[in-house]
Amino acid sequence: MLKVCHLYPDLLNLYGDRGNIIAFMQRCRWRGIPVELLEVNVGEPVNFADIDFLFLGGGSDREQNLMAEDLLLRKDSLQQAIEEGLVVLAICGGFQMLGQYYLTHDGQKIPGLGILDVYTKAGDKRLIGNIVIEVEINGEPVKVAGFENHSGQTYIGNLQPLGKVIAGFGNNGQDQLEGVRYKNVFCSYLHGPLLPKNSKLTDLLIQLALRRRGLDTSLPRLNDDLEEAAVGVIVERLSK
Ligand code: GLN
């Protein structure tokens, strides 16, 4: 049984980010892997050591402010689980909240968990549009497509990015880097939502979650023609 946790489903769920959970769970079920979902809101308990896949979605600045205090209370247990290999996907606002801070337009500093040594500052222009990045998955370069919409510009220092930007803005519109990969934590600005179209990435997350529990990581192949065609359309449009 894999346990999936959606943290703050009511606050961090922009642009259908919940679709990431649906994709993760459905690709497990299609392989006969039992999976269950736990939705955890502000003030509700969760034991991260017991979770196999944690999802944090995107949120507006206002929503990030509403959950920041609650998230900070969970820092130590989340950090420990991450160091022990918890598989995490954090999108946009969720990504920003794992970093040191988010400096908003009006000069307000929303504190992050500081689990990742990255910081975010709101820029003058929103970074909006379809985006394609190249991500290394099991040693192969894979094109991953999504949609980004953020004013935050994130700088990741020496951390490993999730991928490099082929078309679009990415972390800050300057360094051609997108997201962060740290241990089994995957951060990205890609909404879309990210996982339904990008099935190789979804399967990587499933395999990492299985490996952490010492379970069989061989995944029967699924027919991904539709998913690959959807990414192909975005790649083609953006390369014109
Ligand atoms: N509030 C953040 C920003 O605009 C995150 C937005 C999002 O999650 N899409 O940068």
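All values below come from the heavy atoms of this structure, side chains included, with hydrogens, waters and symmetry mates left out. First listed ligand is number 1; within each ligand, the first listed atom is number 1.
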Next on the checklist: Show the atoms of ligand 1 that are less than 4.0 angstrom away from any heavy atom in Tyr15.
Outcome noted: 9 (N)
Checklist entry - Can you tell which part of Leu14 has a heavy atom less than 4.0 Å from ligand 1: side chain, backbone, both or neither? => result side chain
Next on the checklist: Just verifying a value: how many Å separate Leu71 CG and Leu11 CG, rounded to the nearest 0.5 Å?
Outcome noted: 11.0 Å
Checklist entry - Parallel, tilted or perpendicular: which describes the rings of His191 and Tyr15, with under 30° parallel and over 60° perpendicular? => result perpendicular
Checklist entry - Does ligand 1 have any atom sitting under 4.0 Å from a heavy atom of His191? => result yes
Checklist outcome for this item: Per-atom filter on ligand 1: closer than 4.0 angstrom to a heavy atom of Gly58 are 8 (O)
Checklist outcome for this item: Of all protein heavy atoms, the one nearest atom 10 (O) of ligand 1 is Gly152 N, 2.7 Å
Item to check | Rounded distance (nearest 0.5 Å) linking atom CD1 of Ile21 with atom CG of Leu54 | outcome: 8.5 Å
Checklist entry - Under a heavy-atom criterion of less than 4.0 Å, does Arg126 contact ligand 1? => result yes
Checklist entry - Rounded to the nearest 0.5 Å, how far does CZ of Phe147 lie from NZ of Lys197? => result 10.5 Å
Item to check | Atom pair CG/CZ of Asn223 and Arg221 - distance to nearest 0.5 Å | outcome: 8.5 Å
Checklist entry - For atom 1 (N) of ligand 1, what is the nearest protein heavy atom, given as residue, atom name and distance? => result Asp61 OD1, 2.5 Å
Item to check | Where ligand 1 meets Gln64 - atom numbers and elements under 4.0 angstrom, heavy-atom basis | outcome: 1 (N), 2 (C), 5 (C)
Checklist entry - Does the distance from a Lys or Arg side-chain N to an Asp or Glu carboxylate O, for Arg211 and Asp216, drop under 4.0 Å? => result no
Checklist outcome for this item: For atom 5 (C) of ligand 1, the closest protein heavy atom turns out to be Gly59 O, 3.2 Å
Item to check | Heavy-atom closest contact (His105 atom, Asp124 atom, distance) | outcome: CE1-CA, 4.2 Å
Checklist entry - Does even one non-hydrogen atom of Tyr189 get within less than 4.0 Å of ligand 1? => result no
Checklist entry - Can you tell which part of Ile91 has a heavy atom less than 4.0 Å from ligand 1: side chain, backbone, both or neither? => result neither
Checklist entry - Is Tyr102 reachable from Val185 through a run of hydrophobic residues whose side-chain heavy atoms are each under 4.5 Å from the next? => result yes
Checklist entry - Which option out of Ser151, Cys92, Gly93, Ser60 puts a heavy atom nearest to atom 9 (N) of ligand 1? => result Cys92
Checklist entry - In Å, rounded to the nearest 0.5 Å, how long is the span from CG of Leu86 to CG of Leu208? => result 11.0 Å
Next on the checklist: Within the 4.0 Å heavy-atom shell around Gln96, which atoms of ligand 1 are there?
Outcome noted: 2 (C), 3 (C), 5 (C), 10 (O)
